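Please read all numbers here as calculations on a predicted model, not as lab measurements.
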Amino acid sequence: MYRFEKLEVWKKAMDFCELIYQKSKIFPKTEVYGLTSQIRRATTSIPLNIAEGSACRTKKEFTQFLTIALRSQYEVVTIIELCYRLNFLLKADSDLLQDKLAEIGRLLQGLINSLNSKVVTNNQQLETKN
């Protein structure tokens with residue numbers, strides 16, 4: 001349906017994954033199976049769900065995967081805040097990550113809204129034809 005590699009949100013999510021891997025290297029070794037693993041899994045879930053959803057046959061299915069990506073974005077917001085509170089991240093790093101993540105969230109929501117409005121428009125066209 002969509003070439004996910006061309007989607008700006010996918011590109012930004014991939015860049016964000018790289019950044020998270022860099023920043024989480026400094027987390028305490030005791031967190032390797034805790035927050036380090038959790039933030040990496042939740043972060044990679046964002047571009048993975050965008051890519052997987054792009055292979056769906058319908059806009060409705062694609063929207064479901066984008067919604068999962070958006071939920072992962074919310075999860076990462078919370079993990080970043082927790083990492084900051086536990087002093088695993090500096091304020092400047094936390095702010096930078098939150099800003100980049102907010103942009104990804106806006107792009108995801110915009111894509112979801114765009115797909116949903118097209119579905120509504122198509123349904124409205126079907127209703128007027130009948």
Side-chain angles (χ1 to χ4, degrees):
M1 179 180 239
Y2 288 88
R3 296 275 316 178
F4 66 88
E5 302 98 327
K6 294 185 182 227
L7 293 172
E8 190 66 23
V9 66
W10 181 82
K11 292 175 190 176
K12 289 190 182 284
M14 289 295 290
D15 292 343
F16 187 77
C17 286
E18 287 182 59
L19 189 55
I20 284 295
Y21 268 77
Q22 291 168 2
K23 297 297 182 185
S24 63
K25 283 180 186 177
I26 64 166
F27 289 5
K29 296 297 179 212
T30 56
E31 287 299 325
V32 72
Y33 299 110
L35 286 174
T36 303
S37 174
Q38 185 67 28
I39 197 169
R40 288 176 175 184
R41 283 184 289 118
T43 299
T44 56
S45 175
I46 299 168
L48 288 172
N49 275 291
I50 295 167
E52 187 175 355
S54 72
C56 291
R57 293 182 181 214
T58 68
K59 291 176 184 176
K60 183 178 179 183
E61 287 178 301
F62 187 23
T63 299
Q64 289 172 335
F65 279 91
L66 293 175
T67 301
I68 294 167
L70 189 60
R71 289 176 181 167
S72 294
Q73 182 254 348
Y74 293 152
E75 183 179 355
V76 177
V77 166
T78 303
I79 298 169
I80 290 170
E81 177 61 24
L82 180 57
C83 289
Y84 169 68
R85 289 180 182 200
L86 294 172
N87 295 313
F88 298 169
L89 288 170
L90 299 172
K91 175 79 168 132
D93 289 334
S94 175
D95 289 347
L96 171 72
L97 293 170
Q98 294 287 17
D99 288 347
K100 289 185 178 295
L101 200 51
E103 181 181 14
I104 292 167
R106 285 190 299 273
L107 289 169
L108 276 170
Q109 191 61 62
L111 185 52
I112 291 167
N113 292 346
S114 172
L115 290 169
N116 285 338
S117 69
K118 290 177 184 175
V119 169
V120 169
T121 302
N122 289 340
N123 287 341
Q124 288 171 344
Q125 288 174 352
L126 287 173
E127 290 172 7
T128 53
K129 287 182 181 178
N130 290 331

For Thr63, run the side chain to side chain contact (heavy atoms under 4.5 Å, CB included) check against Leu115, Ile68, Leu111 and tell me which one passes.
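Of the listed options, the one satisfying the test is Leu115.
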
With the side chain counted from C-beta on, respond yes when [X] and [Y] share a heavy-atom pair under 4.5 Å apart, and no when they do not.
| X | Y | result |
| --- | --- | --- |
| Cys83 | Ser94 | no |
| Ile46 | Ile104 | yes |
| Glu81 | Val77 | no |
| Phe16 | Val76 | yes |

For a quick check under 3.5 Å, do [X] and [Y] share a side-chain donor-acceptor pair by atom type?
| X | Y | value |
| --- | --- | --- |
| Thr36 | Arg40 | no |
| Arg3 | Ser54 | no |
| Glu31 | Gln38 | no |

Gap separating the [atom1] atom of [X] from the [atom2] atom of [Y], nearest 0.5 angstrom:
| X | Y | atom1 | atom2 | result |
| --- | --- | --- | --- | --- |
| Leu7 | Ile50 | CG | CD1 | 7.0 Å |
| Leu101 | Arg106 | CG | CZ | 10.0 Å |
| Gln98 | Ile80 | CD | CD1 | 4.5 Å |
| Ser45 | Arg71 | OG | CZ | 11.0 Å |
| Glu52 | Leu48 | CD | CG | 8.0 Å |
| Ile79 | Leu97 | CD1 | CG | 12.0 Å |

Test side chain to side chain contact (heavy atoms under 4.5 Å, CB included) applied to Ser72 and Thr43, step by step
CA-CA 7 Å; Ser72 294; Thr43 299; over 6 Å; no

Taking [Y] as the starting point, is it possible to reach [X] by hopping between hydrophobic residues whose side chains are less than 4.5 Å apart?
| X | Y | result |
| --- | --- | --- |
| Phe65 | Ile112 | no |
| Ile26 | Tyr84 | no |
| Tyr74 | Leu89 | yes |

Decide side chain to side chain contact (heavy atoms under 4.5 Å, CB included) for Leu19 and Leu96; before the verdict, give the C-alpha distance in whole Å, the side-chain angles of both, and the deciding distance to 0.1 Å.
CA-CA 10 Å; Leu19 189 55; Leu96 171 72; 4.2 Å; yes

Might you point out which heavy atoms bring Ser24 and Ile39 nearest each other, and give the distance in Å?
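Heavy atoms of Ser24 and Ile39 come nearest at CB-CG2, 4.3 Å.
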
Parallel, tilted or perpendicular: rings of Trp10 and Phe4 (30°, 60°):
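Answer is perpendicular, since the angle exceeds 60°.
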
Take Leu86 and Leu82 through the side chain to side chain contact (heavy atoms under 4.5 Å, CB included) test and state the conclusion after the steps.
CA-CA 6 Å; Leu86 294 172; Leu82 180 57; 3.9 Å; yes

Pairs where residues 12-23 contributes a residue and the test side-chain hydrogen bond (donor to acceptor under 3.5 Å, both in side chains) is met, not counting sequence neighbours:
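For residues 12-23: Lys12-Glu103, Lys23-Asp93.
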
Could you pull out all residues at least two apart from Glu61 that satisfy salt bridge (Lys or Arg N to Asp or Glu O under 4.0 Å)?
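Partners of Glu61 by the salt bridge (Lys or Arg N to Asp or Glu O under 4.0 Å) criterion come out as none, since no residue qualifies.
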
More than 12 foreign heavy atoms under 6.0 Å from NZ of Lys11: is that the case here?
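Yes, NZ of Lys11 has more than 12 neighbouring heavy atoms, counting only those of other groups under 6.0 Å.
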
